[in-house]
Amino acid sequence: MRLLRTVDANPEHPKEECGVFGVYAPGHEAARLTFFGLFDLQHRGQESAGISVSDGARVRMHKEMGLVTQVFNEEILKTLPGHLAIGHTRYSTTGSSVRRNAQPVSCTTMDGDIAVAHNGNLINAAEIRHELEDEGEVFDTTNDSEVIAKLLARETDKPMEDAVAAVMRRVKGAYSVAVLTPRQVVGFRDPYGVRPLVVGKFKGGYCISSETCAFNPVGARIVKELGPGEIAVLDENGVRFVQGVPKERPSMCMFEFIYFSRPDSEMYDTFLYAARHRMGEELAREQPAEADMVVPVPDTGFPAALGYSRVSGIPFGEGLIKSRYIHRTFIEPDQRMREMGVRMKLHALADRIVGKRLVIVDDSIVRATTTKQIVRLLFDTGAAEVHVRITAPPIRYPCFYGIDMARRGELAAAKWSVEDIREHIGASSLGYLSVDSVVKAVGQDKDRFCLACFNGEYPIDVPSDLRKDMFERPKVGAFATVRSGQGKFEFPEDEAGSRE
Ligand code: SF4
């Protein structure tokens with residue numbers, strides 16, 4: 001089966017990481033429930049999908065490159081019998097985009113096979129992998145989940161909670177993990193709680209998911225969001241929660257609220273749609289503009305654009321239409337079409353924007369390439385002014401916790417001032433939301449979040465080899481300090497990037 005990569009509707013956005021889902025439901029087809037759960041987590045990863053299922057004795061698995069609906073059909077689901085399952089949608093942040101790196105990954109133990117699905121990034125995966133290889137382990141993949149699976153397989157003489165806790169003491173980084181054994185589904189979350197994981201209950205069983213939006217198709221309601229360092233075990237006794245390792249300062253990824261998670265999900269007792277609407281309201285207060293119409297960049301800009309419109313009094317209007325099926329094509333555009341860039345994915349509504357002064361609301365600027373194309377598209381279509389407003393603060397630092405943003409030298413806001421970026425994208429004006437206002441819009445304490453890509457304060461210490469990989473080579477004598485939750489470290493100031 002030859003599959004090509006999907007076309008990203010807006011490559012300006014940071015890339016989603018992964019979605020995990022698990023279910024324990026006696027009397028139900030767990031694979032079918034997991035299929036529908038994954039369908040609602042598709043936005044977190046479009047490269048591959050997989051489901052592992054158990055009938056109480058034997059673990060079976062199917063995974064493949066492609067979208068959930070391309071990987072599974074009725075015939076395949078019939079080969080996956082059982083009442084407990086885990087599933088995964090993948091966007092690769094570690095390990096290359098090939099079938100063998102699709103998840104879940106499985107591992108054979110004395111007590112039967114186990115399967116592991118993971119969202120996040122282990123910052124000491126390479127170190128552990130080398131140690132295990134020295135001890136004779138052979139790895140089939142290059143992803144972090146296999147590291148977790150191998151560690152777990154060595155602990156299966158213990159009760160599951162103890163085995164998982166032993167693994168949690170060994171690995172470092174951001175991880176929300178689902179594990180399937182022949183008789184249990186287990187979820188666990190790193191001690192900082194960077195990536196989300198929530199437990200739900202429905203008539204007939206329990207489930208775990210990266211986001212609550214995946215509860216809808218199974219009719220589940222929230223039991224609780226797993227806390228930092230917490231484990232949930234789903235089995236014949238129901239669900240039980242155990243503190244696997246002591247919790248550190250909670251550091252939920254702020255980008256889950258700004259962009260990654262679906263607007264109909266709920267996290268930290270906050271509805272994402274409402275939080276994004278409030279971000280738009282704050283943006284209108286902090287970054288006002290004289291304009292005739294507020295236009296969202298589809299789809300994620302909608303709630304914030306509505307919030308901006310409400311506070312500013314400027315009418316809301318659709319001026320850009322996204323090609324609805326862009327995520328569904330596996331046919332690569334040819335070179336000429338690629339050069340058209342954003343015009344393949346977004347279309348301007350000429351009759352609504354000609355001669356108008358527009359406020360364009362989007363969630364983030366990474367490299368500024370796509371934003372520049374959107375601004376040009378609107379001016380070419382006849383807009384009089386294009387004021388760009390962004391609900392994320394400027395992204396100045398790379399992410400080491402499972403989000404594929406860019407190296408520091410590629411980040412527009414790490415290289416240029418806001419005025420330089422405005423000039424580069426050709427906008428009439430440019431305004432970002434401040435870190436304090438993003439936090440205010442979410443409605444939680446600032447010290448409950450990871451904000452590292454905005455302020456460089458990394459809650460989990462990052463090893464120097466990873467830092468070197470993501471930061472530019474130093475200019476002689478030019479260093480800046482990045483604050484870390486576990487002490488300070490220095491990184492080299494990168495050189496000013498050349499204009500695209
Ligand atoms: S660095 Fe940014 S994207 Fe990465 S976990 Fe922290 S807030 Fe999220």
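Atoms within a ligand are numbered from 1 in the order they appear, just like the ligands themselves. Reckoned from all heavy atoms, side chains included, excluding hydrogens, waters and symmetry mates.
Figure legend: cation-pi geometry between R276 and F257 absent, as NZ or CZ is not positioned both under 6.0 Å from the six-membered ring centre and within 45° of its axis. Seen from the ring of Y308, R389 does not count as a face-on cation partner, given the 6.0 Å and 45° thresholds.
Per-residue contacts place C253 under 4.0 angstrom from the following atoms of ligand 1 (heavy atoms of the residue considered): 3 (S), 5 (S), 7 (S), 8 (Fe). Close approach of ligand 1 to Y401 is summarised as follows: ligand atoms under 4.0 Å from at least one heavy atom of the residue are 5 (S). The distance from ligand 1 to the heavy atoms of M254 drops below 4.0 Å at these ligand atoms: 7 (S). Proximity to A452 (heavy-atom distance under 4.0 Å) selects the following atoms of ligand 1: 1 (S). Ligand-side atoms of ligand 1 in range of C453: 1 (S), 2 (Fe), 3 (S), 7 (S), range being under 4.0 angstrom from any heavy atom.
Closest to atom 6 (Fe) of ligand 1 among all protein heavy atoms lies C450 SG, 2.3 Å. With hydrogens left out, the protein atom closest to atom 4 (Fe) of ligand 1 is C399 SG, 2.3 Å, a heavy atom. At the shortest separation from atom 5 (S) of ligand 1 among protein heavy atoms lies R195 NH2, 3.3 Å.
E256 does not count as a contact of ligand 1, since none of its heavy atoms falls under 4.0 Å from the ligand.
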Decide yes or no on side chain to side chain donor-acceptor pair (under 3.5 Å) for E256 and S261, but give the supporting numbers first. CA-CA 5 Å; E256 295 283 352; S261 292; 2.6 Å; yes
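Using the six-membered ring where Trp is involved, F400 and Y458 have ring planes that are perpendicular, over 60° apart on the 30 and 60° scheme.
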